[in-house]
> 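Could you have a look at this structure, given as structure tokens, before my questions?
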Amino acid sequence: MKRTTLITSVVLLVATAHGQEKAEQALRKGNAAYRKGDQATAISNYTQAQADQRGAFNLGNAYYRQDSLADAQRSFEAAASLAKDAHAQARAYHNLGNSWLKQSKWQEAINAYKQALRRQPNDEDSRYNLAYAKKKLEQQQQQNNKDQNKEQQEDQQQKQDQQQQKPDQKKDQQDPEQDQQDKQQQQEPQQAEKRKDPGQIDQQDAERMLDAVQQQEKNTQEKARGKMRARVKVPIEKDW
């Protein structure tokens, strides 16, 4: 039993060593292609070594160079989980934040940079990118608020315009017969004035004129009588 166990262990060690050697070769080939700008070849080689933290990390970088950001994010997340030290995890989260940043996903980028700084607080690059992402998120929120306020103002203006148009609509929808009657009622006084004889006198005016004539005649008679009395010499009897 012990001998079998020993043989099995040796086989596993040999297989592991062989696998590591293949991964190292794939990494070297991938790195060479990456430096030449041949990202397709780099991705092919890094995929063979993605079980290693370095392979996953470099695979994410190659995808990032191709703007395959979703694949880059998955690779960086895998690299962060495979990493055995805080420094390697911080590098993976930093690049994950860059992937979100490139898509203008500010909140997701902020979360990734915070993870990087928790593992490496003195990383100035992550600190700078975190501040940049926060600033962009603030600007986005301000713009969203402006757009929302503008939309609300436009809705209110539209409602006011509709309310102002309602009386006109009701007027347009008025019964034609009623509208004709209203027009006739408005025209009747004008027509009556047109039909009125300019020489015709109202009854009240005639009565006032008659009263004035009568009063004038009365005044004239009183003046005449007064003059007559003044002319009449009344004999005065004197006491001699």
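Reckoned from all heavy atoms, side chains included, excluding hydrogens, waters and symmetry mates. Position 1 is the first residue of the sequence, and the numbers go up from there.
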> How long is the span from the CD atom in Glu108 to the CG atom in Leu96, to the nearest 0.5 Å?
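The CD atom of Glu108 sits 10.0 Å away from the CG atom of Leu96.
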
> Indicate whether any N or O donor in one side chain lies under 3.5 Å from an N or O acceptor in the other, for Asn145 and Gln141.
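No, Gln141 and Asn145 have no side-chain donor paired with an acceptor closer than 3.5 Å.
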
> Can you tell me if Gln140 and Asn144 form a side-chain donor-acceptor pair at under 3.5 Å?
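No, no side-chain donor-acceptor contact under 3.5 Å.
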
> Could you walk me through whether Asn61 and Arg65 satisfy the side-chain contact (heavy atoms from CB on, under 4.5 Å) test, starting with their C-alpha distance in whole Å, then the side-chain angles of each, then the deciding distance to 0.1 Å, before giving a yes or no?
CA-CA 6 Å; Asn61 287 341; Arg65 287 286 184 89; 5.7 Å; no

> If you take all heavy atoms of Ala40 and Gln66, which pair is closest and at what distance?
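Here Ala40 and Gln66 meet closest at N-NE2, 3.8 Å.
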
> Quick one: closest heavy-atom pair of Asp123 and Leu117, and the distance?
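Result for this residue pair: O-CD2, 3.6 Å.
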
> Going from CG on Leu137 to OG on Ser104, what distance comes out if it is rounded to the nearest 0.5 angstrom?
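Interatomic distance, Leu137 CG to Ser104 OG, rounded to 0.5 Å: 11.5 Å.
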
> Membership question, hydrophobic clusters at under 4.5 Å side-chain separation (ILVMFWY): are Trp100 and Phe76 in the same one?
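Phe76 and Trp100: one cluster.
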
> Is there a donor-acceptor pair closer than 3.5 Å between any side-chain N or O of Ser99 and the backbone N or O of Asn95?
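Here the side-chain-to-backbone pair exists.
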
> Can you tell me how far apart CG (Leu27) and CG (Asn45) are? Round to the nearest 0.5 Å.
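Nearest 0.5 Å value for the CG-CG distance: 9.0 Å.
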
> Looking at Ala133 and Leu101, what are the two nearest heavy atoms and their distance?
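Where Ala133 meets Leu101 most closely, the heavy atoms are CB-CD1, 3.9 Å.
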
> Distance-only, no hydrogens or angles: does the Tyr46 side chain make a donor-acceptor pair with backbone N or O of Arg54 under 3.5 Å?
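No; judged by distance alone, with no hydrogens or angles, the pair does not exist.
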
> Determine yes or no for a side-chain-to-main-chain donor-acceptor pair under 3.5 angstrom, with Arg127 supplying the side chain and Pro121 the backbone.
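Yes; judged by distance alone, with no hydrogens or angles, the pair exists.
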
> Please lay out, stage by stage, how Asn111 and Gln107 fare under the test side-chain hydrogen bond (donor to acceptor under 3.5 Å, both in side chains).
CA-CA 6 Å; Asn111 296 338; Gln107 187 59 61; 3.2 Å; yes

> Within this structure, what is the NE2-CG distance for the pair His94 and Leu130, rounded to the nearest 0.5 Å?
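The CG atom of Leu130 is 11.0 Å from NE2 of His94, to the nearest 0.5 Å.
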
> Would you check, one step at a time, whether the test salt bridge (charged side-chain N to carboxylate O under 4.0 Å, His left out) holds for Glu21 with Arg28?
CA-CA 11 Å; Glu21 180 63 25; Arg28 287 194 294 269; 3.8 Å; yes

> Please walk me through it: do Leu82 and Gln50 pass side-chain contact (heavy atoms from CB on, under 4.5 Å)?
CA-CA 10 Å; Leu82 291 170; Gln50 64 180 336; over 6 Å; no

> Ignoring hydrogens, what is the shortest heavy-atom contact between Gln53 and Ala88? Give both atom names and the distance.
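What the structure gives for the nearest pair is NE2-CB, 3.9 Å.
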
> Distance alone, cut at 3.5 Å: any donor-acceptor contact between the side chains of Tyr113 and Asn98?
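There is such a pair between these side chains.
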
> Given the rule that I, L, V, M, F, W and Y join up when any side-chain heavy atoms are under 4.5 Å apart, are Tyr64 and Tyr34 in one cluster?
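As far as the 4.5 Å side-chain criterion goes, Tyr34 and Tyr64 are not connected within one cluster.
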
> Drop me the distance from Asn149's CG to Asp147's CG, to the nearest 0.5 angstrom.
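Interatomic distance, Asn149 CG to Asp147 CG, rounded to 0.5 Å: 9.0 Å.
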
> Quick check: closest heavy atoms across Gln89 and Ala80, and the distance to 0.1 Å?
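Heavy-atom minimum between the residues: CG-O, 3.5 Å.
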
> Going from CD on Glu154 to CD on Gln158, what distance comes out if it is rounded to the nearest 0.5 angstrom?
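Glu154 CD to Gln158 CD: 9.0 Å, rounded to 0.5 Å.
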
> Please list all pairs passing the side-chain hydrogen bond (donor to acceptor under 3.5 Å, both in side chains) test where one or both residues lie in residues 72-83, with sequence neighbours left out.
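Of all non-adjacent pairs touching residues 72-83, those that pass side-chain hydrogen bond (donor to acceptor under 3.5 Å, both in side chains) are Asp71-Arg74.
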
> Look at the side chain of Arg91 and the backbone N and O of His87, then say whether any donor-acceptor pair between them is shorter than 3.5 Å.
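Pair absent, no side-chain N/O of Arg91 close to backbone of His87.
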
> Taking it one step at a time, do Gln139 and Lys135 satisfy side-chain contact (heavy atoms from CB on, under 4.5 Å)?
CA-CA 6 Å; Gln139 293 175 353; Lys135 183 65 176 178; 3.6 Å; yes

